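Worksheet: the structure to be examined is printed underneath.
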Amino acid sequence: MLDKTYNAAEVEQKLYARWEESGVFACNPKADGKTPYTIMMPPPNVTGTLHMGHALTFTLQDALIRFHRMQGRDVLWQPGTDHAGIATQMVVERNLEKEGKTRHDLGREKFIEKVWEWKAQSGGAIINQLRRLGASADWPRERFTMDDGLSAAVRKIFVDLHRKGLIYRDKRLVNWDPKLHTAISDLEVDQRETVGKMWYFRYPVEGQEGVTVTVGTTRPETMLGDTGVAVHPDDERYADLIGKHVVLPIVGRRIPIVADEYADPEKGSGAVKITPAHDFNDFEVGRRNGLEMINVLDRDARINENAPEGYIGLDRFEAREKIVAEFEAQGLLEKVEENPMTVPYGDRSGVVIEPWLTDQWFVDAKTLAQEPIKAVEEGRTRFVPKQWEKTFFEWMRNIQPWCVSRQIWWGHQVPAWFGPDGEIFVEETEAEAQGAADKHYGKTVELTRDTDVLDTWFSSALWPFSTLGWPEETEELKRYYPTDVLVTGFDIIFFWVARMMMFGHYGMDEVPFKDVYIHALVRDEHGQKMSKSKGNVIDPLTLIDEYGADALRFTLVAMAAQGRDIKMSEQRVAGYRNFCTKIWNAARFCEMNECRPDPAFQPAGVTSTLNRWIVGKAAETAATVAKAVEEYKFNEAAQAAYGFTWNTFCDWFLEFAKPVFHGEDEAAKAETRATAAWVLDQILVMLHPFMPYLTEELWGQIGGTARESMLAQHHWTDAGDVADAAAAEEMDWVVELISSVRSVRSEMNVPPGARLGLQLKDASPETVARMERHAALIKTLARLDSLEAVFEAPAKGAAQTVVGEATVILPLAGVIDVDQEKARLEKELKKVEGEISKLSGKLGNEKFLAKAPADVVAEQRERLADAEGTRDKLRDAYDRLAAL
RNA sequence: GGGCGUGUAGCUCAGCGGGAGAGCACUACGUUGACAUCGUAGGGGUCGCUGGUUCAAUCCCAGCCACGCCCA
């Protein structure tokens, strides 16, 4: 006997262990005849803990995975974590800080050891949190981006790309993080809107007493590195100054005035100062005009020795104040304005990023982007929803070189060695580099390895094939690549999706995934982004503790409509917890009434209308759910399953079944029991991808020892053609009749316990037959004690309503309030008359008759006839009442 | 400035060329032996605004208003 209530916490723990032990989550590379279905789990940061965004993405992935596993596919859900270079290094450094140490005290090698120690202890907590969510990944295949195999893949592709000239070392401006002392990619820069200041400085023109050029700047300290002033070539105000020089105040440097279209005559004074070493735009201007590049900042963004005495060593913001003060003192500060602007911040460090001239490794993203762009254009990779293709194209077609080197310690060290003269040897191993160097120099020389490591996304970009053993030609690689779908949020389309596509094409010569399903962001119930600083974070684990993993999962699935963010509310989770309870209780009811699954049950073979109806509906719902999941319309799948389970199965079928179970007809009883059990099984099957725990538990308990397998690996079987339109029509009529009687009773304030007689006036023989066939359940559910077909006027004092061609009469002698009943009938009449006028208006329109499709016209005619019939019967009923 | 998206019941959202829907909330009634984490019934909407296309527009098109996100 099932417990009175479902205990999620207990069941979840028990079942997860059983799933894992029995190996149902494992893929089977040797399974001949089974089509593979593969999803690469986007590896969460090893430093991460489960948040709501993870809960959503992994629930959807698990739903897809479980669904396809139940469809008989050989499923691989490849799990793992990434090493999160900067984030992890920061975590470990913070721990060291508590001991009063820095990573430099330890040295690189010892520090890396510490990181591995940290990873062994507390890293990867998220993996266990994923288990609590019910994620059915192939855990024994878990990978980490710093694993040996994956690291070998990184070295291999780096060397390969370098040989083809697609990775190169270059001195360029990069986004420099002065706190973390590393370059970061464009994507790791957070552009924040602020209101800053625009300072207008006067630069004296050389040899022209009293003549100055005014330039605006938002970063005064960069003037120390100015090497030119630009004006627009067509700007008449400055035409005679082009080619002349200004003398840079404070510094005293003589710098040219050049003509360049970058200067916007409409903005400020029309003249701009050019600092090629500290601004991306100025860098280009400088290059076009042959301007000098003077770096005035050190790695901490302090002023370096290229600046005048008195500024050296100052922090950039101190220098700014000092420079402004100096200009003011010299009378060269024209004005200061408020200036709305965006300022770049490092997304990890939170400090202002400086464009800084350094030697870095770059990937030629432009070249690598070509194949992925083609793949999406040709539909070999498909974005769902489709509009994300635009975002993808937009970025890929304007892609900049990708700076992949980072000046940190934790990560894949760049496989490049420098000779004594700076010659670079890029090889997979030190020995190979030494060999190449020896050959190059004709003697043995000492090499030093590049200390930089690679951007974490570099290794993540290899994930779809490095996890399968690449560059080895493993059977997994052959079988599971390309993968079926990548599921992720739009925020990493650039970071990761695009880069996987670049490297996938490069390494495997094929798309890494056929579909990219982009899901929404999870926000709080007011639509605010969840963030620690706002304090509006909802912890998925807390919700799991309180409502169970299934309730959380179902909430996320039900709300995952394409193209809309999810506003997470606890109330909604509570609602779906109630749904879990509902299913549990329905199962209890079935159990109490001896509805046991019969392995020999043939859904197509049931005979009673009731059973034919529910079997048809169940099969229809299962098909709807399957189709919706295949189209990534998770909310539709959830809604279909929810509606069928609660509204059709529980509210109607089980209620219909009660009179059968309490009746005398043993054959009907047996068939209905078997049907109920079968339909309940169907419900468990179709809900399993969304609610794995509850469904698995019930599957086991209901089946007893007879079930040989767990639901997680049960095949989603086809019920065959069991649709029965006649049965559906008949049961719909029964439902309508009962609903009408209930409605009248409620509106006429008939006490719920009172048993009434029902007269059905002017019903067709078929309808009378239906009523008789379902008399027992109509009586029970509508709380009636008799049913009778009549053709004369009803007994005095009766409530009436219309169902189909017949009038339903409920004698309420002495109980009925005639005025109230009149009012009720008037309301019904008004409603139907409104419909009649709408329909007859339409059908009276010649253009409608001429142009609308015939079936639409016919349908409107039929509806009009029905409405008119109902109206006439309601009028008759009203007249009879009025005649009293 | 460019791009994308969103405005439908009090709230959260489905739907999307021919009958306005769900869940929650709300109101009334209800301990009928599965379930009060429940049942039954009910109220509630100029489908953002303005035009256009169409026999027909919440749905398609254009413009506008409001909000959100991404990129510059």
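Every chain is numbered from 1, with letters handed out A, B, ... down the list of sequences. All values derive from a computational prediction rather than experimental measurement.
- Between the C1' atoms of B:G3 and B:A25, the separation comes to 38 Å (whole Å).
- When heavy atoms are screened at a 4.0 angstrom cut-off, A:Ser743 is found touching the sugar-phosphate backbone but no base atom.
- As rounded to the nearest Å, B:G7 and B:C61 have P atoms that lie 14 Å from one another.
- At a threshold of 4.0 Å, the pair A:Lys842-A:Glu859 does not count as salt-bridged, since none of the basic side-chain nitrogens sits closer than that to a carboxylate oxygen.
- Relative ring orientation between A:Tyr632 and A:Tyr517 is described as parallel, the plane-to-plane angle staying below 30° on a 0-90° scale split at 30° and 60°.
- For A:Arg745 and B:U32, the CZ to P distance is 14 Å, given to the nearest whole Å.
- In the set B:A34, B:A41, B:C55, the nucleotide with an atom closest to the side chain of A:Ser739 is B:A41.
- Salt bridge annotation for A:Arg824-A:Glu821: present, with a cationic side-chain nitrogen under 4.0 angstrom from a carboxylate oxygen.
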Would you mind building the protein contact string for nucleotides 15-27 of chain B? One character per nucleotide, 5' to 3', B for base within reach (heavy atoms under 4.0 Å), S for sugar-phosphate only, - for untouched.
-> ---BBS---SS--
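- At a threshold of 4.0 angstrom between heavy atoms, the contacts of A:Lys582 include nucleobase atoms, whether or not backbone atoms are also involved.
- A:Phe634 has its CZ atom 15 Å from the P atom of B:A14, to the nearest Å.
- Put simply, CG on A:Asn845 is 11 Å from P on B:A57, counting in whole angstrom units.
- Heavy-atom distances to RNA chain B give each of A:Thr342 and A:Gln562 a nearest nucleotide, and the one nearer the 5′ end belongs to A:Gln562.
- Separating the CZ atom of A:Arg861 from the C1' atom of B:C55 is a distance of 14 Å, rounded to the nearest angstrom.
- To the nearest whole angstrom, the two C1' atoms, one in B:G45 and one in B:G30, are 30 Å apart.
- In this structure, A:Arg577 reaches the bases: a heavy-atom distance under 4.0 Å links it to at least one base atom across the strands shown.
- Side-chain contact between A:Leu810 and A:Leu758 is present, with at least one heavy-atom pair separated by less than 4.5 Å.
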Give the intermediate values and the outcome of ring pair (Phe, Tyr, Trp, His ring centres under 6.0 Å) for residues A:Phe656 and A:Trp652.
-> CA-CA 6 Å; A:Phe656 286 156; A:Trp652 288 109; 5.5 Å; yes
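- Nucleotides B:A9 and B:G23, compared at atom P, are 16 Å apart to the nearest Å.
- Classification of the A:Phe579-A:Trp646 ring pair by plane angle, with boundaries at 30° and 60°, yields parallel.
- One N or O donor and one acceptor, one from the side chain of A:Glu655 and one from the base of B:A34, sit under 3.5 Å apart.
- Taking atom P in both B:A20 and B:U58, the straight-line distance is 10 Å, to the nearest Å.
- Side-chain atoms of A:Trp584 come within 3.5 Å of backbone atoms of A:Asp3 as a donor-acceptor pair (strictly under, hydrogens ignored).
- Per the geometry, CH2 belonging to A:Trp388 stands 11 Å off P belonging to B:C71, to the nearest Å.
- Counting only heavy atoms from C-beta outward, the side chains of A:Thr672 and A:Phe653 approach each other to under 4.5 Å.
- In this pair, A:Trp388 and A:Phe490 present their aromatic rings parallel. The plane angle is below 30°, not in the 30 to 60° band.
- Classification of A:Arg219 and A:Glu354 as a salt-bridged pair holds, one side-chain N sitting under 4.0 Å from a carboxylate O.
- Counting any heavy atom pair closer than 4.0 Å across all strands shown, A:Cys650 reaches a base atom.
- Between the NZ atom of A:Lys831 and the C1' atom of B:G42 there is a distance of 12 Å, rounded to whole Å.
- The shortest distance between the side-chain N/O atoms of A:Lys390 and the OP1/OP2 oxygens of B:G3 is not below 4.0 Å.
- Between the P atoms of B:A72 and B:U12, the separation comes to 32 Å (whole Å).
- Among the heavy atoms of the strands lying under 4.0 Å from A:Thr581 is at least one base atom, whether or not backbone atoms are also near.
- Here the nucleotide nearest the side chain of A:Arg783, chosen from B:U12, B:C55, B:U32, is B:U32.
- Taking atom NZ of residue A:Lys567 and atom P of nucleotide B:C13, one finds them 4 Å apart after rounding to whole Å.
- Spacing between B:G39 and B:C24 at atom P, rounded to whole Å, works out to 9 Å.
- A:Lys658 comes within contact range of at least one nucleobase, with a heavy-atom separation under 4.0 Å.
- Shown here for A:Ala230 and A:Val285, the closest heavy-atom pair between the two residues is CB-CG1, 4.4 Å.
- Comparing B:A62 with B:C26, their P atoms are spaced 43 Å from each other, to the whole Å.
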Map every base of RNA chain B to its dot-bracket character, where paired means a Watson-Crick or G-U wobble contact with both distances under 3.5 Å and | marks a partner outside the strand.
-> (((((((..((((....[..)))).(((((.......))))).....(((((..]....)))))))))))).
